[in-house]
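Here the structure is laid out as C-alpha cells; the discussion comes afterwards.
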Amino acid sequence: MRFMYGNDIVNPWGTLYGVRPVKRVADMLRAGADEGEIYRFLREKFEISDIKIALSIAIARKELELTKAISPKDVAIYLDIPFCPTKCAYCSFVSMSAERLKEFAEPYLAAIYKEIDTVSKIVKDLSFTVRSIYIGGGTPTTLLAIELDNLLYKLRQSFDTEGLWEFTLEAGRPDTITEQKLSVMKKHGVTRVSINPQTIHEKTLIKIGRKHTTEDIYKAVSLAKDAGIPILNMDVIAGLPDETLTDFVHTLESVASLQPENITIHTMSIKRASRLKEEAFTPDEKNHLEASKMLNFAYPFMKEHNYEGYYLYRQKNTLGNLENTGFCLDGTACLYNIGMMQELMPIMGIGVGAVTKLLRPGRLERIFNVNDVLEYLNRQDEMRKRKDYIYEFYAES
Ligand code: SF4
C-alpha cells in the first residue's frame with residue numbers, strides 16, 4: 001500500500017519492516033555516518049519518506065544523548081500484572097477481567113514473589129545495578145491498595161534501589177486509580193505513573209469497551225498530581241474506531257492542557273487476537289488517511305507545546321503503516337522505554353508474558369515466560385528455572 005494524500009505519503013516507511021526503525025539510524029550515527037549518508041541509504045534502500053527520515057534522525061540523536069549514562073552492569077526489572085477491569089477492543093495483550101482477577105490475584109502474586117526472589121539473587125550474584133523498575137501489564141492498579149503496598153514493599157526489599165533512576169507504574173485505566181493507591185506509590189518511591197485515556201471522547205470509550213468516563217480521566221490526573229508523583233505519562237491513540245481528525249485534535253489538546261510530563265501517541269493497530277479483528281473490522285483507505293492526518297497534526301503540535309520525541313517504534317497492521325512515538329518535556333524521558341526499544345540495557349522479566357533480555361557486545365538473547373496466567377501458575381517453577389541460563393550467558397563474557 002503506498003499512495004498520496006495531498007502532500008502526505010501514506011506508508012511513509014516504505015519497504016522498511018520491523019519495530020525499531022530508529023535503531024538502524026542510531027547505529028549509523030554511532031558508526032560516524034553523516035545525515036546525508038543516512039538520507040541516501042534510507043531513501044534508496046527502503047524508500048522512506050524524508051519526513052520519517054528526519055524524525056528518525058532527531059529521535060536517534062535524542063536517544064544517544066539520553067542513554068550515554070547506561071553502563072554494561074546496569075539492568076532494568078520488568079514486572080507484569082496481567083489484569084484489567086475490562087478488555088479494550090483493540091487489545092491482544094494477556095489480560096484478565098476483574099471477575100477472574102478475584103480468583104487469581106492471590107496465587108499470581110505468590111508466584112511473582114517467588115520469581116522476584118529468583119531475579120533478586122541473580123542481580124546480586126552478577127553484581128548488576130538496578131536502574132529501572134517498571135510495573136506494567138495489564139493494569140497494575142487493578143490490585144487492591146494493600147496488595148500494591150505489599151508488592152512495592154517486596155520489590156524494595158528485594159532490590160537495592162540506591163542506584164535507581166526511575167520507578168514506573170502503569171496505572172493505565174483511570175477508573176482503577178484511587179487516592180489510597182497513589183499514596184502507596186508515593187510512599188514506596190514510584191517516580192513515574194501512566195494514566196492512559198487513549199481518547200477524551202466518551203462515545204469512543206464506550207465503543208472500545210472501557211468502563212470509565214471522561215470525568216474519570218480528569219479526576220485520576222488530578223489525584224496523581226496531588227499525590228506528588230513526579231512524572232505523569234498519558235497515552236493516546238490516533239485512528240480509534242469512527243474518530244475523525246477533529247476528535248483526535250480535541251483529545252490531544254485536552255491531554256496537553258493537563259500538562260503531563262510525557263505524552264505517548266500510538267497509532268491504531270488491528271491486532272490478531274483483538275475484539276476488533278474478531279468483529280471483522282477492516283480499515284479502509286479513509287481510516288488510513290485519517291490516521292496519517294492525525295499524526296501530521298500531532299508532530300508540530302507537540303513541538304509547539306515543548307514536547308520532544310524521544311522513542312519510536314512500529315507495530316504490525318497499523319493504520320497508514322504509521323508509528324508510535326513517546327514525547328517528553330525536557331528532563332523527563334523514561335529510560336526504560338529507550339533501553340527496551342533500542343536493546344541497550346538487559347531486562348529481567350517477571351510474571352506472565354514477561355521477556356528477559358540478555359545483552360553482551362554483539363549478542364542478544366531472550367528468555368520468555370509463558371503468555372497465559374493459568375499456564376504461568378502451573379509452570380511457575382519452570383519459569384524460574386529458565387532463568388538459570390542467565391548465569392551461563394554472563395559466565396561466557
Ligand atoms: S488496559 Fe491495556 S492491557 Fe488492559 S485491556 Fe486495555 S489495552 Fe489491554
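Counting from 1, the numbers follow the sequence of the chain as shown. All ligand and atom numbering here is 1-based and tracks the order in the structure.
- Under 2.8 Å from atom 8 (Fe) of ligand 1 lies no N/O/S atom of C84, from backbone or side chain alike.
- Close contacts of ligand 1 with C91, meaning ligand atoms under 4.0 Å from a residue heavy atom, involve 3 (S), 5 (S), 7 (S), 8 (Fe).
- Listed by atom number, the atoms of ligand 1 under 4.0 Å from T86 heavy atoms are 5 (S).
- Using a 4.0 Å cut-off to heavy atoms of R173, the atoms of ligand 1 that qualify are 1 (S), 5 (S), 6 (Fe).
- Ring planes of H266 and Y313: perpendicular class, angle over 60° (limits at 30 and 60°).
- Near Y90, the atoms of ligand 1 lying under 4.0 angstrom from a non-hydrogen atom of the residue are 7 (S).
- Which parts of ligand 1 touch G138 is read off a 4.0 Å heavy-atom cut-off, strictly below it: atoms 3 (S).
- Counting only heavy atoms from C-beta outward, the side chains of I237 and F248 never approach each other to under 4.5 Å.
- With D117 as reference, K154 is the one residue of K387, R384, K154 to meet the salt bridge (charged side-chain N to carboxylate O under 4.0 Å, His left out) rule.
- In this structure the side chain of I177 reaches within 4.5 angstrom of the side chain of L182, judged on heavy atoms.
- The closest donor-acceptor contact from the side chain of N262 to the backbone of M234 lies at 3.5 Å or more, if one exists at all.
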